[in-house]
There are 2 protein chains.
Amino acid sequence: MVRVYTFNDEGELLQEEKDTINQLAKMPMDMLNYNAISVVTNIYRVAQGLKNKMEREVLSKQGLSWTSFSILYDLWIWNSVETKKLAELTAVSKATISNITKTLEKKELVYRKTDTRDRRITYVIITNKGKEVMEDLYPKFHQGEIEIASMLTEKEQKNISKLLRRMIRQNDF
Amino acid sequence: MVRVYTFNDEGELLQEEKDTINQLAKMPMDMLNYNAISVVTNIYRVAQGLKNKMEREVLSKQGLSWTSFSILYDLWIWNSVETKKLAELTAVSKATISNITKTLEKKELVYRKTDTRDRRITYVIITNKGKEVMEDLYPKFHQGEIEIASMLTEKEQKNISKLLRRMIRQNDF
DNA sequence: GTATTATCGTTTCATAGCTAACAGTTTTGA
DNA sequence: TCAAAACTGTTAGCTATGAAACGATAATAC
């Protein structure tokens with residue numbers, strides 16, 4: 001759960017940090033936007049926390065990483081997806097997809113198949129064993145999501161989702 | 001920017017996905033908590049987006065990863081920190097700290113020093129070159145934070161931070 | 001119709017990240 | 001006192017991650 005700043009209990013940046021930034025970065029304290037710092041830091045911390053929680057409590061049961069699980073989930077939904085499409089969907093590099101697919105293939109959860117017409121294209125296809133793994137993991141994964149979000153009321157959940165989607169859209173994430 | 005679910009423009013899960021989950025995971029659609037799905041997915045997506053943006057637009061100038069930057073930031077503030085403390089602060093394993101510290105040492109941004117009294121303890125200390133790197137990077141990093149958060153009003157920024165901090169506290173992230 | 005260009009996936013090489021094993025050091029306990 | 005236990009950091013061995021180079025294939029241009 002990597003984080004940059006140190007906050008106190010009220011979510012305020014420590015005075016010592018403010019002073020250091022002021023002196024060392026030659027940035028007067030009134031040039032620092034504390035709200036922006038807080039938004040970015042807290043989003044990242046929650047994201048890392050939930051990734052770690054899921055990998056530790058759910059995905060480790062099947063020896064899968066978050067990204068492996070994401071890819072296997074896509075294949076569970078779509079059955080067969082081109083390597084290139086997987087890279088776009090999960091927004092990791094094609095090299096990473098290549099590696100992860102290799103790992104999933106070693107576990108016999110997926111297999112590869114070259115397109116017969118355009119032989120540059122490779123499809124990745126989920127196996128029955130892969131489907132069984134997802135049938136086992138998905139309900140537990142979703143339970144984890146519910147737990148994590150349960151710290152907010154339904155209204156708050158809708159609200160935070162709306163704000164996050166705006167950030168995604170306008171920042172082109 | 002790894003993500004699991006596919007949403008349409010309104011932030012709704014695709015019907016095809018609902019059906020698949022329903023059939024394959026034997027989870028009736030009314031057992032799925034869409035708000036929880038949305039919260040978790042969108043938080044993760046924003047986090048990955050901001051990490052990628054920072055690494056691409058800011059940190060790559062000095063060849064630093066997000067975690068390397070976090071560690072160097074801590075050292076910039078505190079000057080000298082024990083390896084063990086760095087692992088706690090950044091919440092990565094001590095093995096990772098060992099590796100990253102080695103990389104930072106190779107770049108001459110930090111150096112190590114063994115405690116003279118308790119020789120099990122190793123301090124990591126920032127060099128002048130490390131400080132110069134932070135003086136260069138930090139203002140650009142903070143500018144990136146401001147940009148990302150600027151998609152929200154000040155009131156929304158305060159609100160989302162409050163909700164995220166509650167998730168951090170109650171989930172023990 | 002062939003040469004150039006574009007596309008796709010893998011490989012290579014580097015860092016990041018984890019768990020487990022290890023080595024050295026200090027503390028504890030009887 | 002000194003052997004056992006606890007602590008700290010590194011190493012070993014694995015997967016994940018990306019950029020760049022590469023090899024194979026297909027599309028384009030002339």
Side-chain angles (χ1 to χ4, degrees), chain A residues 1-3 47-49 51-57 59-72 81-107 109-125, chain B residues 1-2 47-49 51-57 59-72 81-88 90-107 109-125:
Chain A
M1 186 193 326
V2 175
R3 131 277 59 153
Q48 284 301 306
K51 172 173 181 283
N52 289 344
K53 178 190 169 78
M54 292 300 200
E55 289 188 339
R56 196 176 55 240
E57 297 179 8
L59 307 182
S60 67
K61 284 180 175 45
Q62 300 279 356
L64 293 181
S65 66
W66 177 276
T67 309
S68 306
F69 176 77
S70 302
I71 290 173
L72 199 58
V81 181
E82 308 96 288
T83 296
K84 181 180 158 58
K85 185 77 179 171
L86 279 179
E88 286 165 9
L89 282 173
T90 51
V92 295
S93 72
K94 52 189 184 166
T96 298
I97 296 291
S98 199
N99 281 326
I100 292 186
T101 303
K102 204 186 294 172
T103 305
L104 289 174
E105 205 169 25
K106 218 188 303 174
K107 291 178 194 285
L109 305 182
V110 309
Y111 65 97
R112 288 172 163 90
K113 190 166 169 19
T114 303
D115 188 306
T116 45
R117 299 191 216 166
D118 186 341
R119 308 206 298 136
R120 289 172 303 185
I121 297 173
T122 300
Y123 293 96
V124 184
I125 302 159
Chain B
M1 188 192 323
V2 175
Q48 285 301 308
K51 173 174 180 282
N52 289 345
K53 180 189 167 81
M54 291 301 199
E55 290 187 339
R56 196 177 54 240
E57 296 179 6
L59 306 181
S60 66
K61 285 181 175 44
Q62 299 281 354
L64 293 181
S65 66
W66 177 278
T67 309
S68 306
F69 177 77
S70 302
I71 291 173
L72 199 58
V81 181
E82 308 98 287
T83 295
K84 180 180 158 56
K85 185 77 179 169
L86 279 179
E88 287 165 8
T90 50
V92 294
S93 71
K94 52 188 185 165
T96 297
I97 296 291
S98 200
N99 281 328
I100 292 187
T101 304
K102 203 186 295 171
T103 305
L104 289 174
E105 204 169 26
K106 218 186 305 174
K107 291 178 195 282
L109 305 182
V110 309
Y111 65 96
R112 288 171 162 90
K113 192 167 170 15
T114 303
D115 189 306
T116 45
R117 299 191 214 164
D118 185 342
R119 308 206 298 138
R120 289 173 302 186
I121 297 173
T122 300
Y123 292 97
V124 184
I125 303 159

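The basis for the numbers below is simple: all heavy atoms, side chains too, and nothing from hydrogens, waters or symmetry mates. Each chain gets a letter, A, B and so on, in the order its sequence line appears, and its residues count up from 1.
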Between P on C:dT10 and NZ on A:Lys84, what's the gap in Å once rounded to a whole number? 14 Å
Determine the contact category for B:Thr122: base if any of its heavy atoms lies under 4.0 Å from a base atom, sugar-phosphate if only primed atoms, P, OP1 or OP2 are that close, otherwise nothing. sugar-phosphate
When rounded to the nearest 0.5 angstrom, what is the spacing between OG1 in A:Thr67 and CG in A:Asn99? 11.5 Å
A:Thr103 side-chain N/O to D:dA16 phosphate OP1/OP2 under 4.0 Å: yes
I want to check one thing: is the phosphate of C:dA16, taken as OP1 and OP2, less than 4.0 Å away from some side-chain N or O of B:Ser65? yes
Would you indicate, yes or no, if D:dG18 has its OP1 or OP2 atom less than 4.0 angstrom from a side-chain nitrogen or oxygen of A:Thr96? yes
Output yes when A:Asp118 and A:Arg120 qualify as a salt bridge under the 4.0 Å nitrogen-oxygen rule, no when they do not. yes
Which part of the nucleic acid, if any, lies within reach of A:Lys106 when heavy atoms closer than 4.0 Å are counted: base, sugar-phosphate only, or nothing? sugar-phosphate
Heavy-atom pair with the smallest gap, counting every atom of A:Ala47 and B:Ala47: CB-CB, 3.2 Å
For atom NZ of A:Lys53, decide whether the heavy atoms of other residues, nucleotides or ligands shown that lie under 6.0 angstrom number more than 12. yes
Rounded to whole Å, please give me the gap between NZ in A:Lys107 and C1' in D:dC14. 11 Å
Please state how far atom CZ in A:Phe69 lies from atom C1' in D:dA16, giving the value in whole angstrom units. 17 Å
Phosphate contact (C:dA16 OP1 or OP2) by B:Ser68 side-chain N/O below 4.0 Å: yes
Considering every strand and a 4.0 Å limit on heavy-atom distances, what is the contact class for B:Ile100: base, sugar-phosphate, or nothing? sugar-phosphate
When you match A:Thr116 and A:Lys94 each to their closest nucleotide on DNA chain D, which lands nearer the 5' end? A:Lys94
Quickly work out the A:Glu88 CD to C:dT7 P distance and round it to whole Å. 12 Å
Please report, rounded to the nearest Å, how far the P atom of D:dG9 is from the CD atom of B:Glu105. 14 Å
OP1, OP2 of D:dG18 versus side-chain N and O of B:Arg56: anything below 4.0 Å? no
NA contact type, B:Asp118, heavy-atom cut-off 4.0 Å: base, sugar-phosphate, or nothing? sugar-phosphate
Can a side chain N or O of A:Arg117 be found less than 4.0 Å away from OP1 or OP2 on D:dT25? no
Would you kindly give the CG-to-C1' distance between B:Leu64 and D:dA19, to the nearest whole Å? 17 Å
Closest approach of A:Thr90 to A:Ser70 (non-hydrogen atoms, all atoms of both residues): CG2-CB, 4.3 Å
Would you mind reading off the distance between A:Leu59 atom CG and C:dC18 atom C1', rounded to a whole angstrom? 14 Å
Looking only at heavy atoms, the pair that brings A:Ile121 and A:Glu82 closest together is CG2-CG, 3.8 Å
Which comes earlier along DNA chain D counting from the 5' end, the contact point of A:Arg120 or that of A:Ser93, where each point is its nearest nucleotide? A:Ser93
Looking at the side chain of B:Ser98, which of C:dT10, C:dT25, D:dT10 is the nearest nucleotide? D:dT10
To the nearest angstrom, how far is B:Lys102 atom NZ from D:dT10 atom C1'? 7 Å
